[in-house]
Amino acid sequence: MGSGLTETTLDRTFFERSVLDVAPDLLGVVVSHAGVSVRLTEVEAYDGEDDPGSHAFRGPTSRNATMFGPPGHLYVYFTYGMHWCANVVCGPEGRASAVLLRGGEVVAGAARAQQRRGPAVRARDLARGPARLTQALGLDREHDGADLFGETFDLRRPAEPPGPASRGPRVGLRHAADLPWRFWIGGDRFVSDYRPATDRPTRRTR
DNA sequence: GCTCCGATTATCT
DNA sequence: GATAATCGGAGCG
């Protein structure tokens with residue numbers, strides 16, 4: 001096979017770099033797991049213990065332990081009482097930085113993804129959003145700490161990468177909302193809707 | 001098409 | 001006890 005026009009398989013060194021370099025480079029990458037392939041259109045960077053928006057900001061805990069481990073592993077966490085979200089750990093071990101996989105397009109295994117996401121879900125929404133993408137790929141608590149370079153994952157970069165990444169503030173954060181650490185493919189239909197942090201819900205006490 | 005709002009629970013203060 | 005790196009359905013135009 002010609003080596004010039006084909007996609008390339010990522011290796012672990014890709015994730016050993018700074019999370020701010022890795023994040024934009026992940027756009028267009030196709031992640032495959034458990035019968036579904038997703039082309040990433042949107043990601044966010046979380047940079048260790050100095051980033052007020054990061055789960056690692058207050059130091060190591062049992063939840064964020066994976067973030068403090070080696071790069072190229074998945075950090076999967078549970079949020080809002082019902083959703084799982086997936087990150088890839090980046091940088092040197094101990095840095096506790098990671099890229100949140102925020103959205104993508106299902107490019108293979110659509111029937112399997114549909115089965116996981118539900119019959120009423122439109123093709124555009126199969127993996128457009130971090131919890132949707134995680135569910136489409138069949139990931140949950142068991143995959144926290146999983147090695148992306150083990151047997152069950154495959155990551156490929158297309159022959160023609162997308163153009164320069166668009167960037168802006170991260171979604172849904174109350175802290176560090178000024179940092180433009182969300183990266184997406186400009187104009188792509190498989191990028192999620194931007195939603196600023198929810199204001200304090202006026203909890204009714206009764 | 002849009003905006004609003006409730007669901008549901010692990011985690012941390 | 002409050003919050004959260006979200007989602008999907010209801011209501012309106």
Handout entry: Test: Arg117(A) and Asp125(A) ion pair at under 4.0 Å
Key = no
Fill in the blank from the handout: Residues of residues 39-76 of chain A with a heavy atom under 4.0 Å from any atom of DNA chain B, listed by number, are Arg58(A), Thr61(A), Arg63(A)
Problem - Contact list for residues 81-94 of chain A, test side chain to side chain donor-acceptor pair (under 3.5 Å), sequence neighbours left out - result: none
Problem - Pairs satisfying ring-ring contact (aromatic ring centres under 6.0 Å, His included), at least one member in residues 24-49 of chain A, at least two apart - result: His33(A)-His143(A), His33(A)-Phe153(A)
Practice task
Starting at the 5' end of nucleotides 8-13 of chain C, put B wherever the base has a protein heavy atom under 4.0 Å, S where only the sugar-phosphate does, and a dash everywhere else.
Solution key: B-----
Handout entry: Presence of salt bridge, Arg63(A) and Asp144(A), under 4.0 angstrom
Key = no
Exercise for the section: Spell out yes or no: do the side chain of Tyr80(A) and the base of dA5(C) have one donor N/O and one acceptor N/O closer than 3.5 Å? Expected result: no
Problem - OP1 or OP2 of dT11(B) under 4.0 Å from side-chain N/O of Arg141(A) - result: yes
Handout entry: Side-chain (Arg17(A)) to main-chain (Phe14(A)) donor-acceptor, under 3.5 angstrom
Key = yes
Completion exercise
Side-chain contact check for Met82(A): nearest option of dT11(B), dT6(C), dA7(B) is dA7(B)
Fill in the blank from the handout: DNA chain B in dot-bracket form (Watson-Crick or G-U pairs under 3.5 Å, [ ] crossing, | inter-strand) is |||||||.||||.
Fill in the blank from the handout: Sorted by number, residues from residues 90-103 of chain A placing a heavy atom under 4.0 Å from DNA chain C are Leu100(A), Arg102(A)
